[in-house]
Amino acid sequence: MKLTAPKGTKDILPAVSDLWQYMEEKAKYIFDKSNYQEIRTPIFEATELFCRGVGDSTDIVNKEMYTFIQKDRSLTLRPENTAGVVRAFIEHNMHKLPNPLKLWYKGPMFRYERPQAGRQRQFHQVGVEVFGVKEASIDAEVIQTAIWFLKELGIGGLALEVNNIGCPECRMSHREKIKSSVKPRLEEFCEDCHVRYEKNPLRMLDCKNPKCKELLANEEINNVINEDYICPACSEHFESLKVYLKVLNIDFTVNKRLVRGLDYYNRTVFEITSNALGSQNAVCGGGRYDNLVEMLNGQPTPAVGWAMGMERLLALMNVQIERGLDVFVVSSDTKEALKTVDELRKAGYIADFDPAGKKFGKQLEKASKSNAKYALILGEDEIKAGTYSLKNLQTSEQQTFPKDEALKIIAK
RNA sequence: GCGAGUGUCGCCAAGUGGUCAAGGCAUCGGUUUGUGGUACCGAUAUGCGUGGGUUCAACUCCCAUCACUCGCCCCA
């Protein structure tokens, strides 16, 4: 039987690993400059964390988790990382650390779904979580960090949508209003919407079913949706976010139907989409989750964050990475070659040689194909004289130098 | 969970019932045993995802199965 990687997983092969590293280096650069610290949490957690953290009514918890029982404990491969970071925040009393606490992470996530373009069962996310600030200025900063990162990767054609879904209190009354406005024609909505009606009526607003869309376009229902239902405090928060975004010159549109599929969000939610991705067009999603820490039995702490799908970022990046050696050692004497390569590497050069000890011509061919700047020729003559001959593989010029002088030339 | 499409060498592929399964890239060897990248010559699929069936004959037709891809739902 042929062994293959499980459905929805992918090997990251050498052909793309340079790109991954490039992306990760950019992320680290930006997070360092923005005073974020990295956190690494386990790849699996107690199942209960996700049920309580992500939410019982979400698709993620209901049908997408990789859950297994080990010695009577139910464990789950993390489908997202906010719940895990919050768990660590609480467990390690991080509310006592200097405020605000700005964290970033990257790593694999797991969701049991049918794979398609821009969606895998094991995929990677990079994200941030900021704890301890309730002001909208941090929402804006967090969004700005996301946009900076995307720009730094050379990704264009993106659109930012923001919304404020209110706090638990004002959302409750909005829920009821939506339910009552939808109720007369509830029978006509799709099956999923019937479930949403009971569990999370806000989710009905972004149903993709054409019939449901049509029903929602109904004037009366539409009025309820567009009505400014959020309370004065939430409204003020939203207004100041908009001001901060304008100060930062960030373009955005307000989308009142943006609700997002994770239960923990409140107030600010946002999404960055690309028109170049196919149907899974979200590159970045995030928002505020002021109640999650408390819900998981921590000290009440406001928080905001986002996550990006790294595979999707990679699909949008248009970066060529040149890889080449500084020097390739060509020698008829494998012992000398081995020793010389070791010295060159420790002196800071990217160096290699032909371990198979092929014929001179073949070694030079290897040097050329390895995209090396120089071939360092170390034949009998050079060994005797204690010199290196350097051949510039672009210009074909070749000259013999004392060893230390040769090193200086390579460095140029 | 539902719907559609595709599976021929490491990669890209032609062949669509009848000699040896084109070609290109890559790889390896040689021309050239101390001078490469170009050029030329040569090598590389007892097999066309897998298992059945139809036929004198199957990569080509039929059935099943598996894998992958795309879409729905949902998300990053």
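Heavy atoms only: backbone and side chains are in, while hydrogens, waters and symmetry mates are out. Chain identifiers are assigned alphabetically (A, B, ...) following the order of the sequence lines, protein sequences preceding nucleic acid strands; residue numbering begins at 1 within each chain.
Closest approach of A:Asn164 to A:Cys234, counting heavy atoms only: ND2-O, 3.3 Å.
Base pairing analysis places B:rU16 opposite nothing; no Watson-Crick or G-U wobble pair with both distances below 3.5 Å involves it. With a cut-off of 3.5 Å on both Watson-Crick or G-U wobble distances, the partner of B:rG34 is given as none. Searching all strands for a Watson-Crick or G-U wobble partner of B:rA64 with both distances below 3.5 Å returns B:rU50. Across all strands shown, B:rG29 pairs with B:rC41; the Watson-Crick or G-U wobble distances both stay below 3.5 Å. B:rC59 makes up no base pair with any nucleotide shown, lacking Watson-Crick or G-U wobble contacts both under 3.5 Å. Base pairing annotation: B:rC72 forms a Watson-Crick or G-U wobble pair with B:rG1, both donor-acceptor distances under 3.5 Å.
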Side-chain donor-acceptor pairs under 3.5 Å in residues 143-159 of chain A, sequence neighbours left out?
{"residue": "A:Thr145", "atom": "OG1", "partner": "A:Glu141", "partner atom": "O", "Å": "2.9"}
{"residue": "A:Trp148", "atom": "NE1", "partner": "A:Glu152", "partner atom": "OE1", "Å": "3.4"}
{"residue": "A:Glu152", "atom": "OE2", "partner": "A:Lys26", "partner atom": "NZ", "Å": "3.3"}

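For the ring-ring contact (aromatic ring centres under 6.0 Å, His included) test, no residue two or more places apart in sequence or in another chain qualifies with A:Tyr265. Not a single side-chain hydrogen bond (donor to acceptor under 3.5 Å, both in side chains) links A:Lys10 to another residue, sequence neighbours left out.
Nucleotides B:rC20 and B:rC25, compared at atom P, are 27 Å apart to the nearest Å. On the P atoms, B:rU31 is 12 Å away from B:rU35, given to the nearest whole Å. Comparing B:rC40 with B:rU32, their C1' atoms sit 12 Å apart, to the nearest whole Å. Taking atom P in both B:rG15 and B:rG71, one finds a spacing of 28 Å when rounded to whole Å. If you take atom C1' in B:rU50 and the same atom in B:rG7, they sit 11 Å apart, rounded to whole Å.
The side-chain heavy atoms of A:Leu245 and A:Val162, taken from C-beta on, include a pair separated by under 4.5 Å. The closest side-chain heavy-atom distance from A:Phe328 to A:Leu344 is not below 4.5 Å. Using a 4.5 Å cut-off on side-chain heavy atoms (C-beta onward), A:Gln363 and A:Phe353 make no contact.
A:Glu343 CD: more than 12 foreign heavy atoms inside a 6.0 Å radius. Around CZ of A:Arg40, the count of heavy atoms belonging to other residues, nucleotides or ligands within 6.0 Å does not exceed 12.
Of the possible polar contacts, none joining the A:Asn392 side chain to the A:Tyr374 backbone as a donor-acceptor pair under 3.5 Å is found.
In the set B:rU35, B:rC73, B:rG34, B:rU35 carries the atom at the smallest distance from any side-chain atom of A:Leu364.
Within 3.5 Å, a donor on the side chain of A:Glu382 pairs with an acceptor on the base of B:rG34, or the reverse.
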So which protein nitrogen or oxygen atoms get under 3.5 Å of nucleotides 26-31 of chain B's nitrogens or oxygens?
{"residue": "B:rC28", "atom": "OP1", "partner": "A:Lys366", "partner atom": "NZ", "Å": "3.0"}
{"residue": "B:rG30", "atom": "OP1", "partner": "A:Lys359", "partner atom": "NZ", "Å": "2.8"}

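Residues of residues 140-151 of chain A having a heavy atom closer than 4.0 Å to RNA chain B: none are found.
For the 3.5 Å distance criterion, the side chains of A:Ser389 and A:Glu382 qualify, holding a donor opposite an acceptor. In the model, A:Glu161 has no side-chain atom that pairs as donor or acceptor with a side-chain atom of A:Thr273 under 3.5 Å.
Atom pair A:Glu64:CD and B:rC72:C1' shows a separation of 14 Å (rounding to whole Å applied).
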Sugar-phosphate or base contact per nucleotide [nucleotides 65-71 of chain B; S, B, -; heavy atom under 4.0 Å]
---SSSB

